[in-house]
Amino acid sequence: MEMIVTVCNVCKTPGLPTARYWVQREGEARKKLDLCETDAAPLEDALTHAETPAAQEAAPRSPRARRRKVTTLEEIEKIKAAEAAKNT
């Protein structure tokens with residue numbers, strides 16, 4: 001039998017319900033935090049006052065990000081026939 005117990009990353013008190021948060025500083029990797037209600041209060045307060053970001057600005061597209069050319073079956077058959085004619 002396996003039992004998983006999640007404790008607050010700050011106070012380490014077993015038995016308290018926790019909520020999972022993912023926090024990331026700009027330019028750094030995301031970190032997982034399990035926090036009890038008391039230790040999560042400052043974060044929750046900050047979240048209620050935080051601005052909701054506008055839709056992400058589209059990054060300039062690189063030439064490679066353009067849509068690829070679609071080749072029809074008829075075009076593929078013509079290419080194969082032309083290559084076969086070259087080889088004979």
Side-chain angles (χ1 to χ4, degrees):
M1 177 182 194
E2 183 176 314
M3 180 188 259
I4 297 174
V5 177
T6 304
V7 297
C8 175
N9 289 103
V10 177
C11 68
K12 311 264 192 262
T13 306
L16 293 177
T18 60
R20 178 156 295 159
Y21 296 86
W22 290 93
V23 182
Q24 180 177 13
R25 286 188 197 147
E26 192 170 340
E28 294 184 13
R30 288 185 338 156
K31 295 183 180 167
K32 178 182 73 166
L33 291 172
D34 294 311
L35 300 174
C36 67
E37 189 174 307
T38 304
D39 293 319
L43 181 58
E44 286 292 337
D45 185 51
L47 289 172
T48 60
H49 299 297
E51 294 180 18
T52 303
Q56 289 183 339
E57 295 179 22
R61 297 182 81 182
S62 69
R64 291 181 180 220
R66 293 189 185 135
R67 186 176 253 184
R68 293 182 180 214
K69 181 181 183 264
V70 176
T71 306
T72 64
L73 289 174
E74 291 80 19
E75 291 171 328
I76 293 171
E77 292 300 326
K78 286 179 187 176
I79 293 168
K80 283 182 180 179
E83 288 177 2
K86 281 184 191 177
N87 293 334
T88 55

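We're numbering straight along the sequence, starting at 1. All of these numbers come straight from a predicted model, not from anything done at the bench. Any value given below was found using the heavy atoms of this structure, including those in side chains, with hydrogens, waters and symmetry copies removed.
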Shared hydrophobic cluster, Val7 / Leu33 (ILVMFWY, side-chain heavy atoms < 4.5 Å): no
Transitive ILVMFWY side-chain link Leu47 to Val23, under 4.5 Å: yes
Distance (rounded to the nearest 0.5 Å) between [X] [atom1] and [Y] [atom2]:
{"X": "Thr71", "Y": "Glu77", "atom1": "OG1", "atom2": "CD", "result": "12.5 Å"}
{"X": "Leu73", "Y": "Lys80", "atom1": "CG", "atom2": "NZ", "result": "9.0 Å"}
{"X": "Thr6", "Y": "Leu16", "atom1": "OG1", "atom2": "CG", "result": "12.0 Å"}

Contact summary for Cys36 and Thr18, nearest pair of heavy atoms: N-CG2, 4.2 Å
Residue pairs involving residues 31-46 (criterion side chain to side chain donor-acceptor pair (under 3.5 Å); sequence neighbours excluded): Arg20-Asp34, Tyr21-Glu44, Asp45-His49
Partners meeting side chain to side chain contact (heavy atoms under 4.5 Å, CB included) with Ile79 (sequence neighbours left out): Glu83
N/O donor-acceptor pair under 3.5 Å between Gln24 side chain and Glu28 backbone: yes
